[in-house]
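Whatever order the structure lists ligands and atoms in, that order sets their numbers, starting from 1.
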Amino acid sequence: MSNSTLQAVRGMNDILPDEAQLWLWFEDTVRDWLEGYGYRNIRMPLVEPTALFKRAIGEVTDIVEKEMYSFADSLNGDELTLRPEGTASCVRAVLQHNLLYNAPQRLYYTGQMFRHERPQKGRYRQFHQIGVESLGFAGPDIDAEQIVMCARLWKKLGIRDVSLQINSLGDAASRQRHRDMLIAYFEQHKEILDADAQRRLYSNPLRILDSKNPAMQAVIGSAPKLMDELEEDALKHFESVQSRLNEHGIPFEINPRLVRGLDYYNRTVFEWVTTRLGAQGTICAGGRYDGLIEQIGGKSSPACGFAMGVERLLALLQEDGMQNPVSVLDVYVVHQGELAQNMAWRVAEDLRDNGLRVILHCGGGSFKSQMKKADSSAATCAVVIGDDEVAANAVMLKPLRGGEQQRVALKDLQQKIREINLSK
Ligand code: ATP
Ligand code: MG
């Protein structure tokens, strides 16, 4: 057996208890926020048939071409993939269980996503998203609702310095027209295109617009704009989203190069971007995907959704100086002797029955060493029990953040602890 220490997979992070406090606080805040808009939780498996992502996300995309953790189940040969995003799974689940049968759905999910990318700040191989999907809604009102609700979350979290970019990708006919124009245009500038762009020229020319290659920026800048091709309905839809944003005082910029990395989008797309996380500045992204449900086998139905990157949001909060919240604990129970131990267990369980948060010292040791543990715990007071306390059916109650210790009868203990808590 090798004695080298085993390490986590590269790009997949442990979240240790101190930092996990911040995650818990964040998750609570997010849940409140989503419930405020009537979104309901859905939980899908982390693993899905590979075919689902190929069909939903598109064969010629970064994710499907090079970022998926796909494998054959060695037990039965099934082709499986660790989910790289949630929309495809969510739509699959909704169709499989017929949730759209007679009502549209406002849904959300949270959890791990997996993409084989080069790990760097804000880019990991296992990361977390909060995904929000509204299925069965055709109008621009729901697109606007999703953007307005994001703005509310930023406010709730105290996040500043994020800006909103929006675009419209139109519908099938304008996309086809624009696609033909793009191919013709880029064919004239073939010598400037890098290998990726050359490869996508005929399969997915829209994605060339998304390239960050500095050498191609000038050519991309003058490429035909989909916005100029929009059909009347799509244009009206887009204008309606904009006027709702104006109504709510949410500033935005129309970015004609915003095309998103997944194939399923049409009409409204949006990204919330910050300049404070280096190159990994997109904290939230989404848009409308009216064709996806039919594409993965359901009855055609409009939909719109977005996903936020939790690691990037938390990095932004930490950048702003947010500290990890400390875990809360009321009491550390210290005891010595067998009778005292029995009493300590009863006292601890009784306090928990009454809603207090209690650590019962385990592992023995002198009073002194147990008190040290109590002092370095997050508790506001220690309850000390020895033979004298057993005899008196009382305990010593010692405030850990200043104050005199006192002997307290069992029946008064809870009340006294709450008084100490209140005085902190
Ligand atoms: P990027 O352009 O940064 O690669 P993307 O377009 O691939 O992002 P989406 O698929 O839209 O990202 O995912 C939504 C959000 O999830 C992103 O805006 C980002 O905040 C987060 N995200 C995506 N990939 C990663 C990753 N590898 N590590 C951490 N967060 C990520
Ligand atoms: Mg990506």
Side-chain angles (χ1 to χ4, degrees), residues 8-15 23 26 30 46 52-53 56-58 60-69 81-91 108-133 146-147 150 153-154 157 159 161-167 169 196 200 204 206-213 255 257-266 268-289 292 304-319:
V9 175
R10 198 163 116 79
M12 303 201 181
N13 301 316
D14 297 309
I15 297 155
W23 283 71
F26 176 77
V30 163
L46 297 190
L52 172 67
F53 300 115
I57 298 170
V60 194
T61 56
D62 282 347
I63 292 179
V64 173
E65 279 181 344
K66 53 189 185 204
E67 295 175 358
M68 293 208 301
Y69 284 93
T81 293
L82 299 185
R83 65 179 187 194
E85 56 108 51
T87 303
S89 310
C90 180
V91 169
Y108 77 91
Y109 48 83
T110 62
Q112 291 87 338
M113 304 294 160
F114 303 86
R115 297 186 193 176
H116 196 109
E117 304 200 68
R118 194 171 65 77
Q120 51 196 295
K121 186 170 186 280
R123 194 175 290 289
Y124 309 101
R125 291 180 174 174
Q126 176 185 270
F127 62 100
H128 297 73
Q129 283 184 342
I130 292 164
V132 175
E133 317 286 354
Q146 292 192 347
I147 296 173
C150 288
L153 181 63
W154 312 150
L157 294 170
I159 287 180
D161 301 334
V162 282
S163 57
L164 172 64
Q165 302 193 347
I166 61 174
N167 190 20
L169 300 181
D196 253 359
R200 287 175 173 171
N204 199 347
L206 196 64
R207 290 282 285 133
I208 300 179
L209 299 180
D210 205 20
S211 163
K212 306 206 162 65
N213 183 345
N255 175 1
R257 288 183 48 186
L258 185 64
V259 299
R260 310 283 302 111
L262 303 87
D263 273 358
Y264 50 60
Y265 290 105
N266 69 311
T268 319
V269 288
F270 61 93
E271 286 194 0
W272 291 91
V273 188
T274 167
T275 51
R276 295 179 36 223
L277 295 174
Q280 272 57 253
T282 305
I283 54 170
C284 174
R288 182 160 277 287
Y289 50 89
L292 179 62
C304 187
F306 65 88
M308 307 186 284
V310 178
E311 282 81 357
R312 292 185 194 178
L313 275 167
L314 293 181
L316 204 53
L317 288 172
Q318 283 165 332
E319 183 115 327

| query | Should D62 and R207 count as an ion pair when the cut-off is N to O under 4.0 Å? | reply | yes
- prompt: Among side-chain atoms of E133 and Y289, is any donor-acceptor pair under 3.5 angstrom?
  reply: yes
By side-chain contact (heavy atoms from CB on, under 4.5 Å), R257 pairs with (sequence neighbours left out) Q217, I220, N255
Residues L258 and N167: closest non-hydrogen pair is O-ND2, 2.9 Å
For E271, the salt bridge (charged side-chain N to carboxylate O under 4.0 Å, His left out) test, sequence neighbours excluded, returns R260
At a 4.0 angstrom heavy-atom cut-off, ligand 1 is contacted by R115, E117, G122, R123, Y124, F127, Q129, R260, L262, T282, I283, C284, A285, A307, G309, R312
ring-ring contact (aromatic ring centres under 6.0 Å, His included) filter on Y265, not counting sequence neighbours, yields none
